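Just so it is clear: chains get the letters A, B, ... in the order the sequence lines come, proteins before strands, and each one is counted from 1. What you are looking at is a predicted structure, and each value in this text was computed from that prediction instead of being measured. Heavy-atom basis, side chains included; hydrogens, waters and symmetry copies ignored.
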Amino acid sequence: MSVYVGNLSYEVTSEDLSDVFSEYGTIKRIHVPTDRETGRMRGFAFVEMEQESEEAAAIEALDGAEWMDRVIRVNPAKPRTDKPRYNRR
DNA sequence: GTTGAGCGTT
């Protein structure tokens, strides 16, 4: 169970996400991927809750919501695609 | 500014 949070501002941190999502359930884990090469945020994040019902509540409440002057996107996350990454630097 | 890692081809 995990939730994808996209269209985020680059100013948003995992703390902000934790703060907001904890209103709808118990945060199990927060993951904010940063670009491996630039070290900067990629404008999205992942949140895991204890229960899927909690995630659903968060999705309903936050998807399309205006946050940090930006309409964010919240959806059930897709499993990590394990696509080949041959010549990465 | 939209789907996470790492190994360094898994």
Exercise. Quote, to the nearest angstrom, the P distance that separates dG8(B) from dT2(B).
Key: 30 Å

Given the options E50(A), E54(A), E55(A), K28(A) meets side-chain contact (heavy atoms from CB on, under 4.5 Å) only with E50(A)

Taken to the nearest whole Å, CD1/I59(A) to P/dT3(B) is 16 Å

Exercise for review: Would you check if F44(A) stacks with the base of dT2(B), given a 5.5 Å centroid limit and a 30° plane limit, both strict?
Suggested key: no

R29(A) CZ to dG4(B) P, in whole Å, measures 13 Å

Taking the side chain as C-beta and beyond, is there a heavy-atom pair between V47(A) and S2(A) under 4.5 Å?
no

Roughly how many Å apart are dT3(B) and dT9(B), using the P atom of each and rounding to a whole number? 26 Å

Q) Do the non-hydrogen side-chain atoms of D16(A) and D19(A) ever get within less than 4.5 Å of each other? A) no

Taken to the nearest whole Å, CG/L17(A) to P/dT2(B) is 17 Å

Whole-Å distance, D35(A) CG to dG6(B) P, equals 11 Å

Side-chain contact check for S2(A): nearest option of dG4(B), dG1(B), dT3(B) is dG4(B)

Ranking dG1(B), dT3(B), dA5(B) by distance to the side chain of H31(A), first place goes to dA5(B)

Separation of dT2(B) atom P from K78(A) atom NZ, nearest Å, is 13 Å

The residue among V3(A), V5(A), V20(A) that forms side-chain contact (heavy atoms from CB on, under 4.5 Å) with L62(A) is V20(A)

Whole-Å distance, I30(A) CD1 to dT3(B) P, equals 18 Å

On DNA chain B, more 5' by nearest nucleotide between R70(A) and R80(A) is R70(A)

Can you tell me, in whole Å, how much space there is between the C1' of dG1(B) and that of dG6(B)? 25 Å

Q) Would a distance-only check, ignoring hydrogens and angles, find a side-chain to backbone donor-acceptor pair under 3.5 Å from S18(A) to S14(A)? A) no

Taken to the nearest whole Å, CG/L8(A) to P/dT3(B) is 12 Å

Rounded to whole Å, the CH2-P distance (W67(A) to dT2(B)) equals 18 Å

Of the candidates dG6(B), dG1(B), dT3(B), the side chain of R36(A) sits closest to dG6(B)

Original post:
Under 4.0 Å between a side-chain N/O of N7(A) and OP1 or OP2 of dG1(B), yes or no?
Top reply: yes

